[in-house]
Amino acid sequence: MTVHTVQRGETLSGIARQNNTSVAALQRLNSISDADSIMAGQRLIVAPPAAPPASPAAAQAGQAAARTAAPAAPGAPVAPCPKKPAFMKRAGGDDNVSAFYVTADGEAKRQGLLGQAKGEAGVGMTKMDHSGHLGNRYVGGSHKMELMTAEAKAAGGIVHGLGGTASAKATMVEQEASLFAGTDKNSPWAEAGGAYSLMQAEAKADGLIGSDGRRAGIALGAKAGAAAASGDLKGEINIPIPFTNKTITLRGKGGASAGSVGAGASAHAFKDLETGRYHMGVAGEAAALLGLKADLDLSVGPRYTSRERNAGP
């Protein structure tokens, strides 16, 4: 552990520079809330105690484990690292809540014939997303809410075929909640919930023949509509496949709308190359003042490693 005695006229930022550290690190190590409150004669910890070196036996055991660890099978999905947007500006919030925000993200990969690219942009007043277990590890819940938001997303590629998706949505109020049963919130045994929206407009398009780098198979769909109010009921069932890390998943959603106009239909059968899951499903919607819609997706593959679902409802 390294300790520095504050001299008259020294500042926390100057001490940080001298010791090749940061003001934030010094505040954290010394429980200092105000960076301007240090005094002459005060003793500051500028470096934490060094971690003891690993014993030779522990080092050899670690090296042996690294040598014998089985590598992941080619193409096998792994748990994704948390990814934040390339650009994010907001007035408040945390990782689950954004207030008065503007966000944008995108990436491109060169592969196959040409490659693939995707991007998204959004702006809004409030957006939140929470999920977790409710004290009991077998019961949990999720909640999402958006107030005055607008977003646009697009993805496509030409690899061993071609395909792409595009969507745009503007919402005054949208909220949904669900309860699930199971120890894994990302792949629960069963989940059921509902959602509603007020003053929402939405457009989607999807097309796939072959592989676009993200999916391999076939998909075709389009949707456009607007509604003064709408409500949905949704459900999901994950059935573990014995002696594997795979599940059979059935997801469905149905709902009705009022003060609405629009229509849409879609069908798909493809492998999601990002998750390793095989999907097939259909969806339909029709609205003229009053509307009805239904969406169904059946998939099989490795357990979901996040709450996000890339296909279906």
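Quick note: numbers below take in every heavy atom, side chains included, and nothing from hydrogens, waters or symmetry partners.
- L250 and I239 fall within a single hydrophobic cluster, where Ile, Leu, Val, Met, Phe, Trp and Tyr side chains are chained together by heavy-atom contacts under 4.5 Å.
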Please assess K253 against E176 for the test salt bridge (Lys or Arg N to Asp or Glu O under 4.0 Å), listing each intermediate value before the final yes or no. CA-CA 12 Å; K253 182 171 72 172; E176 68 175 76; over 6 Å; no
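- In this structure, a donor-acceptor pair under 3.5 Å is present between the side chains of T249 and N238.
- Other cluster members for L208: F270, joined by side-chain heavy-atom distances under 4.5 Å among Ile, Leu, Val, Met, Phe, Trp and Tyr.
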Verdict with reasoning, D206 to R215, per salt bridge (Lys or Arg N to Asp or Glu O under 4.0 Å): CA-CA 12 Å; D206 185 15; R215 305 171 298 171; 3.0 Å; yes
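- Between Y304 and H279, the two ring planes are tilted [angle within 30° to 60°].
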Walk me through whether E151 and K127 qualify under salt bridge (Lys or Arg N to Asp or Glu O under 4.0 Å). CA-CA 12 Å; E151 65 178 24; K127 187 174 186 178; 3.5 Å; yes
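- Using a 3.5 Å distance cut-off with no hydrogens or angles, the side chains of S230 and S197 do pair a donor with an acceptor.
- Cluster membership for L134 and F180, using ILVMFWY side-chain heavy atoms within less than 4.5 angstrom, is not shared.
- Under a 4.0 Å N-O distance rule, the pair E285/K204 does not qualify as a salt bridge.
- Around the NZ atom of K169, the shell of radius 6.0 Å holds more than 12 heavy atoms that belong to other residues, nucleotides or ligands.
- Between N96 and M128 there is no side-chain heavy-atom pair separated by less than 4.5 Å.
- Grouping the Ile, Leu, Val, Met, Phe, Trp and Tyr side chains by contacts below 4.5 angstrom, directly or via other members, places L298 with I237.
- For V6, the side chain to side chain contact (heavy atoms under 4.5 Å, CB included) partners at least two apart in sequence or on another chain are E10, I15, I38, Q42, L44.
- Here the side chains of K234 and S178 are in contact, with some heavy-atom distance below 4.5 Å.
- For the pair A155 and K118, the tightest heavy-atom approach, listed with the atom from each and the gap, is CB-CB, 3.5 Å.
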